[in-house]
Amino acid sequence: MKFTDGLWRKPVGATFIGGVEVVEILEASKDALEYIVAPRHVASRGDTLNSPLLTVHISSPADDILRIRLEHHKGVADKGPHFELFPDGPPPTPKTSVSTSPDCATFTTGALSVAVNTTPRAYGLTFTDATCGAPAFLCGGEPKGHAAVDVPYHHTLSSMSESSCMSALADALPRARHASAAQRVDGGWVRFMLAEVTLSVGETVYGLGERFGPFVKNGQNVGIWNQDGGTSSEQAYKNVPFYLSSQGYGLFVNHSEEVEFEIGREKCSKIGVSVRGERLEYFVIGGGSMKAALMNYVRLTGKPALPPAWTFGLYLSTSFTTSYDQQTVSGFLKGMKDRGCPVRVFHLDCFWMKRYDWCSFSWDPEAFPDPKQYLADIKREYNVKVCAWINPYISQRSDIFAHGAERGYFIKRTNGDVWQWDEWQPGMAVVDFTNPAAADWFAGLVTRLLETGVDTIKTDFGERIPHLDVVYQDGSDPVKMHNYYTHLYNTCVFRAIQAAHGAGEAALFARSATAGGQRFPVHWGGDCESSYEAMAETLRGGLSLAASGFAFWSHDIGGFEGHPPEDVFCRWVAFGLFSSHSRLHGSGSYRVPWNYGEDAVRVTARMVRAKLRLMPYLYAEAIKAHETGLPVLRPMALEFPSDPATAYLDRQYMLGSTLLVAPVFHATTAMFYIPAGKWTCFWTGEVVTGPQWVRRESYPIDQIPVFVRPGSVLLLGPENVDVPDYAYAEVGLEARLYELTEDVEVKVPTGKGAKWAGAVKFGTDGSVKADGVKLK
């Protein structure tokens, strides 16, 4: 949201109440620093009249994390919902201190400090981090950088919430006035709370969820509002009000409703954050580096569960609108097996249920007359796990609709009617997860599905959640619930799987998310087209999501919409198998490789085998992600923050700490950047010395640039392994050493939870000492 009209003017009709002077410190202790700010200089008693005040409360929930709460009118009820903070358990009591002087008050937690300028007419904040010794500047705020702003309603019509289909389509609008947002003229004024921080020279900003536009967010306006809009626009399925700065800090806005970020756009040297209402709360998160700030953010909002090792194998889907029944499914699995492309998870998309009935949780009896027996048969014959599609919407034609409606399990309109519309499914209702009985009912339906032999669930949708003219059972604010809904949905399903299969066996394949959603992996990138451009935007989404604290991520190999040419399919297969999780899935066409040619079959087989051999490394990296929050697929800028060439790299990534992966976005030409050091090609053993850009013409269709970091050791599984979940320490691992300059110890996981089977030590003198691990 923009609150200025260039350098000097404000929009016509806007009222801007910006803090310029601290007039009183209310508390200065190791627990908090609280003060009030006036929007003008207070020189006399007369200046205290007819003037609003802003209250600022600064505290710390944990070392290196500062909480800043800005309030105008405190009497406004906060109905929630609220993000769950520190869900993994309370942190240790932070080491805090406070100091004051005639012109400054400073609050410190760990190595992170905020200095408040209390000089008349000079209110501002300065955030510094002393992790590395001398305080390093992170960001700051200037006079009027904290503000309450009233703007005419029509100025808000470009917001994501106002321009989405949930504010425009007839069925989504209040029954009393079927009018689009553009037609409304009685909106009055809308109050926003605003906080601005500096955007320094050379600073780059990342994150804000899974965003498919430019990876670096500088120059963008980003609205945090979940939408079902594919991967080709500013809309996003996974909106997270957290950004990560190259200055070595993160900023998390603790609001589940729409949050708007102006990142060097309204003001080139500022990042503006605004929400509607009377209060704004945000956290400035330090730690001394981008990695440390990201780990501290994940500590605040929740660490990811560790997915079972079998989820790292290849998922094969029926696709969406294609025809599939038992015979088709069996043919897919046999074809993959015969061609040396082992599938570990078979996914049944929407039409395992009858058309018009989604989500009934009832198998289509014509396509699957005995689903329990059939799933048992394919699991036994092809050694696969089974994934089934669901969503939180219930068609009125399904046999469970009446039951849910009678018991109040659906979101209601303010007049008491069930909220329904005809988008997606006819007469579709939305489950109200704030109602404990509704959540238990839905979990029971999931459990019934699991009992037929399903192992994991694709939790699709959850973005088009109504916010106008609706009420929730627990009284939650519908606007705040719009983004948060997906968190309740995925929590419900994940816990149902845990209860049925055990904590170590739970995994989702989720599309929508918000802050904290990383706790329930895996997430995939949504509906993309079948082109190199879509492949690139998909990767940008994954990199942005990684910078938002999500450790495990996947995407639709080959694209979802359309039928990819063979070269696109081959390049995307390589990218997909060198992601943490890998799925073949389409819309109107099957993604089995023989549909695309012999090269596609050969490339798929090679990439699947490579990933399976890499599982001792990949699962070790997964455990580290589970324990620290660092993503498996991570931006180059996160791994090499001191290398300026990495700041804008959005076509390559690190897969864990050791492997550099650069997908090829062209039929023949590959181009990538190698950081400093001697990096070794995973496929050929070629050594490339960086820093340098590399361009390769006629790049082999059955390769993807994968380079191993100098000073590393890879332990590879057997060449004939056909599942990802094998006993890594017992099979005889092949050791590959890469440019060792010091001794290296490599830990090997058991493959069953976050447990280690043993370790192998490699000396620069050629010595090898294995403890609990069998080597080839």
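In this chain, numbering begins with 1 at the start of the sequence shown. Side chains included, hydrogens not; waters and symmetry mates left out as well; all remaining heavy atoms used.
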Chemist: Does the side chain of Leu655 come within less than 4.5 Å of Val632's, by heavy atoms?
Modeler: yes
Chemist: Hydrogens and angles aside, do Ser360 and Ser398 bring a side-chain donor and acceptor to less than 3.5 Å of each other?
Modeler: no
Chemist: Is any side-chain N of the basic residue among Glu621 and Lys624 closer than 4.0 Å to the acidic one's carboxylate O?
Modeler: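 Result for this pair is yes, salt bridge flagged.
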Chemist: Would you tell me whether Thr459 and Asn490 have side-chain atoms, one donor and one acceptor, within less than 3.5 Å of each other?
Modeler: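 A pair is found: one side chain offers a donor N or O, the other an acceptor, under 3.5 Å apart.
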Chemist: Answer yes or no: is there a donor N or O on one side and an acceptor on the other, between the side chain of Thr322 and the main chain of Ser589, under 3.5 Å?
Modeler: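 Side chain of Thr322 to backbone of Ser589, a donor-acceptor pair under 3.5 Å: no, none is there.
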Chemist: Salt bridge check: are Asp455 and Lys379 linked by an N-O gap of less than 4.0 Å?
Modeler: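 Counted as a salt bridge, because a side-chain N and a carboxylate O are separated by less than 4.0 Å.
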Chemist: Parallel, tilted or perpendicular: which fits the ring planes of Phe368 and Tyr374, with parallel below 30° and perpendicular above 60°?
Modeler: tilted
Chemist: Side-chain contact, heavy-atom cut-off 4.5 Å: Leu300 with Ile285?
Modeler: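 With C-beta onward as the side chain, the pair touches.
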Chemist: Report the distance from atom CZ of Phe575 to atom CD of Gln652, rounding to the nearest 0.5 Å.
Modeler: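 Reported value, rounded in 0.5 Å steps: 12.5 Å.
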Chemist: Going by an N to O cut-off under 4.0 Å, is there a salt bridge joining Arg511 and Glu210?
Modeler: no
Chemist: I'd like to know if the side chain of Arg344 and the backbone of Asn383 have a donor-acceptor N/O pair within less than 3.5 Å.
Modeler: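 Checked: pair present.
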Chemist: Looking at the rings of Phe312 and His581, which for Trp means the six-membered one, are their centres under 6.0 Å apart?
Modeler: yes
Chemist: Can you confirm if the aromatic rings of Phe509 and Trp389 lie within a centre distance of less than 6.0 Å?
Modeler: no
Chemist: Measuring only between side-chain heavy atoms, which start at C-beta, is His626 closer than 4.5 Å to Lys303?
Modeler: no
Chemist: Just do the side-chain hydrogen bond (donor to acceptor under 3.5 Å, both in side chains) check on Asn239 and Asn226 with the steps written out, would you?
Modeler: CA-CA 6 Å; Asn239 286 267; Asn226 283 359; 2.9 Å; yes
Chemist: Within 45° of the six-membered ring axis of Trp424 and under 6.0 Å from that ring's centre, is NZ or CZ of Arg464 located there?
Modeler: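 Output no; distance or angle outside limits.
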Chemist: Are there more than 12 heavy atoms of other residues, nucleotides or ligands under 6.0 Å from atom NZ of Lys291?
Modeler: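 It does: Lys291 NZ has more than 12 such atoms within range.
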Chemist: Between the side chain of Tyr489 and the main-chain N/O of Asp460, is any donor-acceptor distance below 3.5 Å?
Modeler: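 Yes, the answer is positive, given that a donor and an acceptor are paired below the 3.5 Å cut-off.
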Chemist: Do the side-chain N and O atoms of His523 and Ser554 include a donor-acceptor pair separated by under 3.5 angstrom?
Modeler: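 Distance-only check fails for His523 and Ser554.
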Chemist: Do other residues, nucleotides or ligands put more than 12 heavy atoms under 6.0 Å from Arg355 CZ?
Modeler: no
Chemist: Using 30° and 60° as the class limits, which term best fits the ring planes of Tyr590 and Phe332: parallel, tilted or perpendicular?
Modeler: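 Perpendicular, since the angle between the ring planes exceeds 60°.
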Chemist: Can any side-chain N or O of Gln518 pair as donor or acceptor with the backbone N or O of Gly302 at less than 3.5 Å?
Modeler: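 Yes, the answer is positive, given that a donor and an acceptor are paired below the 3.5 Å cut-off.
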Chemist: Do Phe552 and Phe550 have their ring centres less than 6.0 Å from each other?
Modeler: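 That pair fails the under 6.0 Å test.
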Chemist: Answer whether the closest heavy-atom distance between the side chains of Leu638 and Met290 falls below 4.5 Å.
Modeler: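 Yes - at least one pair of side-chain heavy atoms lies under 4.5 Å apart.
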Chemist: Would you find a donor on one side and an acceptor on the other, under 3.5 Å apart, between the side chain of Thr658 and the backbone of Val708?
Modeler: no
Chemist: Ignoring hydrogens and geometry, is there a side-chain-to-backbone donor-acceptor pair from Ser319 to Gly586 under 3.5 Å?
Modeler: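 Checking the backbone N and O of Gly586 against the side chain of Ser319, a donor-acceptor pair under 3.5 Å is found.
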Chemist: Short question: side chain of Glu561, backbone of Cys528 - any donor-acceptor pair under 3.5 Å?
Modeler: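 Not at all, since once roles are kept as given, no pair shorter than 3.5 Å links the two residues.
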Chemist: Quick one: does any side-chain atom of Asn483 pair with a main-chain N or O of Ser256 as donor and acceptor, under 3.5 Å?
Modeler: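 Yes, Asn483 side chain to Ser256 backbone: donor-acceptor pair under 3.5 Å.
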Chemist: Identify which one of Tyr472, Tyr409, Phe442, Phe410 satisfies the side chain to side chain contact (heavy atoms under 4.5 Å, CB included) criterion when paired with Asp432.
Modeler: Tyr472
Chemist: Is the backbone N or O of Pro593 less than 3.5 Å from a side-chain atom of Thr604, with the two atoms forming a donor-acceptor pair by type?
Modeler: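 Here the side-chain-to-backbone pair does not exist.
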Chemist: Side chains of Trp524 and Asp556 only: does a donor on one sit below 3.5 Å from an acceptor on the other?
Modeler: yes
Chemist: Rounded to the nearest 0.5 Å, how far apart are CH2 of Trp310 and CG of Asp725?
Modeler: 9.0 Å
Chemist: With a 4.5 Å limit on heavy-atom distance, are the side chains of Lys238 and Thr514 in contact?
Modeler: no
Chemist: Quick one: are Phe461 and Ser512 in side-chain contact, heavy atoms under 4.5 Å?
Modeler: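 Answer no - side chains too far apart.
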Chemist: Tell me whether the NZ or CZ atom of Arg634 lies within the 45° cone about the ring axis of Tyr653 and under 6.0 Å from its centre.
Modeler: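 No; the conditions do not both hold, so Arg634 does not lie above the ring face of Tyr653.
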Chemist: For Asp722, is there an ion pair with Lys337 - N to carboxylate O distance below 4.0 angstrom?
Modeler: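 Salt bridge absent between Lys337 and Asp722.
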Chemist: So does Phe346 get a backbone contact from the side chain of Lys385, meaning a donor-acceptor N/O pair under 3.5 Å?
Modeler: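 No; zero donor-acceptor contacts below 3.5 Å.
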Chemist: Describe, in one word, how the ring planes of Phe320 and Phe560 are oriented to each other, choosing from parallel (under 30°), tilted (30 to 60°) and perpendicular (over 60°).
Modeler: parallel
Chemist: Using the side-chain hydrogen bond (donor to acceptor under 3.5 Å, both in side chains) rule, take Arg591 and Tyr596 through it: C-alpha gap first, then chi angles, then the decisive distance, then the call.
Modeler: CA-CA 8 Å; Arg591 290 291 178 266; Tyr596 305 94; 2.7 Å; yes
Chemist: Grab the two heavy atoms, one from Pro635 and one from Ala546, that are nearest each other, plus how far apart they are.
Modeler: CD-CB, 4.0 Å
